[in-house]
Amino acid sequence: MPELPEVETVRKTLLALVLNERIKHVDVQWPNIIKMPAEPNDFQHLLEGQSILDIKRKGKFLIFELDNYSLVSHLRMEGKYGVYTKDEPIDKHTHVIFYLESGKTLRYHDVRKFGTMHLFAKGQAFHDLPLKQLGPDPFEQEYTVDHLLPKINKSTRAIKNILLDQTVIAGLGNIYVDETLFRARIHPLRTGDSLDRKEVQAIIVEAKATIEEAVKQGGTTIRSYVNSQGEIGMFQQQLYAYGQEGQPCARCGTEVLKIKVSNRGTHLCPSCQQIS
DNA sequence: AGCAGTACCTGACGGC
DNA sequence: TGCCGTCAGGTACTGC
C-alpha cells in the first residue's frame, strides 16, 4: 500500500497522537511481524517502560525513537497504525498492541500480515539491515544526478524496475514510479544503460516533484490507505498514469495503456512514452 | 554479482 | 450461490 508520501503522512499524524507516551506493555498477536529480536517475547519485554520520543522516516520505513531502542517498522502493502481507547473492540486484523500508560492503545493493523518490525539498540538502526542498504530518498543530499546516473547506467534492467529498487532510491513504489515516468516521458521498459544524463535528470526532478505534491495532499488512497487519524489521501485526483488505463492522456489524448513489467501493473501513454 | 521468479497473506471482484 | 483465477501502494529469499 503505502509509498513515501503515505508513510510520511502516517509519521506526522501518528507523532501528534503518541509523542511522549510511555509504553506499559505490548501484545504480539501475529509473531511473524516481529523480525528482530528473534523471540517476539523479548520484543514485548524490551519495550516495557519505553517512551516514544520521536518518529523518523527513511524511504518507506518508520523509525520510532524510544529511550533505549529504535523500532523500525515497515507497513508493506496494508499496514496501518491507529490510536484507540483501551476498551474499543480489537478487530481480527490487529496484530501488535502497545498499551500506553495514558490509557490509550496504539494498534498495528495489517490485513495481509506482510508488515515487519525490527527493534535495535538506540543509534544502531541505520547501521543494520533493513535500513543500511537503502539508497537516498528524494529529500536527502545524495539524491543527485551525479550519484544516481552511474547506478542507473550500469544496469540493463528496465528503468521501472530500477526505480522500484529501494537500494537505488528509497521511497518510490508502483504508483509514483508510473507517475514519474509519465511526467518524464520515459517508457518504463527503457533499460538503465540506454538513458542519457538529461533523461535521468528528468526522472530525478519529476520523482521529487511528484513525491512532494503527494505529501502535500496527504498521499494517495486507491482502496484502503488511511493515515493514523483515519483520513484518506487526496493525491489520487492528480494521477496521470496509475489507474488511468482507457482514459485519454492529459497531454495528448491517446488512450493510457496498462501493461505488465516484471509482473507489476504498469501504466503509460504509448504516444508520449516511446521505447526508442 | 545481478537478476527473475516465487513466497509471504487476505480479500475483492469478475466470469462461469 | 459457489468456485476459481486474477489482482492489489512490497520486499526477502532462492537459485540460475
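A, B, ... follow the sequence lines: proteins, then strands. Residue 1 opens every chain.
Between Lys258(A) and dA8(C) there is a side-chain polar atom (N or O) within less than 4.0 angstrom of OP1 or OP2. Between Arg264(A) and dG10(C) there is a side-chain polar atom (N or O) within less than 4.0 angstrom of OP1 or OP2. Contact annotation: Gln133(A) reaches the phosphate of dA12(C) (side-chain N/O to OP1 or OP2, under 4.0 Å). The side chain of Gln166(A) places an N or O atom within less than 4.0 Å of a non-bridging phosphate oxygen (OP1 or OP2) of dT11(C).
Scored by the ring pair (Phe, Tyr, Trp, His ring centres under 6.0 Å) test, Tyr81(A) finds Phe64(A), Tyr108(A) as partners (sequence neighbours excluded). Contacts of His187(A) classified as ring pair (Phe, Tyr, Trp, His ring centres under 6.0 Å), with partners at least two apart in sequence or in another chain: none. Take Glu88(A) and apply the side chain to side chain contact (heavy atoms under 4.5 Å, CB included) test, not counting sequence neighbours, and it matches Tyr84(A), Thr85(A), Arg107(A). Residues satisfying the salt bridge (charged side-chain N to carboxylate O under 4.0 Å, His left out) test with Glu8(A), not counting sequence neighbours, are Arg11(A), Arg57(A).
Here the C1' atom of nucleotide dC7(C) and the CZ atom of Phe114(A) are 12 Å apart, to the nearest Å. Per the geometry, CD belonging to Glu6(A) stands 13 Å off C1' belonging to dG10(C), to the nearest Å. Across the protein-nucleic acid pair, Tyr225(A) atom OH and dG10(C) atom C1' stand 16 Å apart, rounded to whole Å. The separation between Asp165(A) atom CG and dG10(C) atom P is 13 Å, rounded to whole Å. To the nearest angstrom, P of dG10(C) lies 14 Å from CG of Asn263(A). Rounded to whole angstrom, the span from the NZ atom of Lys80(A) across to the P atom of dG10(C) amounts to 13 Å. Here the P atom of nucleotide dT11(C) and the CG atom of Leu163(A) are 13 Å apart, to the nearest Å. Atom CG of Asn174(A) and atom P of dG10(C) are 6 Å apart (whole Å).
Taking every nucleotide of DNA chain B with any atom under 4.0 Å from a non-hydrogen atom of chain A, the first and last of them, 5' to 3', are dG2(B) to dG11(B).
Contacts between residues 232-246 of chain A and DNA chain B, defined by a heavy-atom separation under 4.0 Å, are absent.
Of the possible donor and acceptor atoms, none in the side chain of Lys151(A) sits under 3.5 Å from a partner among the backbone N and O of Ile162(A). Using modelled atom types, one side-chain atom of Gln166(A) and one backbone atom of Gly171(A) make a donor-acceptor pair closer than 3.5 Å.
Counting any heavy atom pair closer than 4.0 Å across all strands shown, Ser155(A) reaches sugar-phosphate atoms only and no base atom. In this structure, Ser262(A) reaches neither bases nor backbone, as no heavy-atom distance under 4.0 Å exists between it and the strands shown. When heavy atoms are screened at a 4.0 angstrom cut-off, Asn32(A) is found touching the sugar-phosphate backbone but no base atom.
Residue pairs that meet the salt bridge (charged side-chain N to carboxylate O under 4.0 Å, His left out) test with at least one member in residues 194-212 of chain A, sequence neighbours left out, are Asp146(A)-Arg197(A), Arg190(A)-Glu199(A). Residue pairs meeting the salt bridge (charged side-chain N to carboxylate O under 4.0 Å, His left out) criterion with at least one member in residues 113-124 of chain A, sequence neighbours excluded: Glu65(A)-Lys122(A). Applying the ring-ring contact (aromatic ring centres under 6.0 Å, His included) test to residues at least two apart or on different chains, none of the pairs has a partner in residues 199-220 of chain A.
Looking at which nucleotide of DNA chain C each of Lys260(A) and His74(A) is closest to, the 5′-most match is held by Lys260(A). DNA chain B is contacted by both Asn161(A) and Lys92(A); Asn161(A) maps to the nucleotide lying nearer its 5′ end (nearest heavy atom per residue).
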Side-chain donor-acceptor contacts of residues 231-259 of chain A below 3.5 Å, not counting sequence neighbours, with atom names and distances?
unit_1	atom_1	unit_2	atom_2	d
Glu231(A)	OE1	Asn227(A)	ND2	2.8
Gln236(A)	OE1	Thr221(A)	N	3.0
Gln236(A)	NE2	Gly233(A)	O	2.9
Gln244(A)	NE2	Tyr242(A)	O	3.1
Glu245(A)	OE1	His267(A)	NE2	3.4
Arg251(A)	NH1	Phe182(A)	O	3.1
Arg251(A)	NH2	Phe182(A)	O	2.9

Considering only distance and modelled atom types, tabulate donor-acceptor pairs under 3.5 Å from the side chains of residues 36-48 of chain A, sequence neighbours left out.
unit_1	atom_1	unit_2	atom_2	d
Gln44(A)	OE1	Val28(A)	N	2.8
His45(A)	ND1	Asn41(A)	O	3.1

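Between His95(A) and His93(A), the angle of the ring planes goes over 60°, which puts this pair in the perpendicular group of the 30/60° scheme.
Separation of the P atoms belonging to dT11(C) and dG11(B) is 22 Å when rounded to the nearest angstrom.
Looking at DNA chain B, the stems built from 3 or more consecutive Watson-Crick or G-U wobble pairs, each pair with its key distances under 3.5 Å, are B:2-8 with C:10-16, B:10-16 with C:2-8.
At a cut-off of 3.5 Å, with distance as the only test, a side-chain donor of Ser262(A) or Asn161(A) sits close to an acceptor on the other residue.
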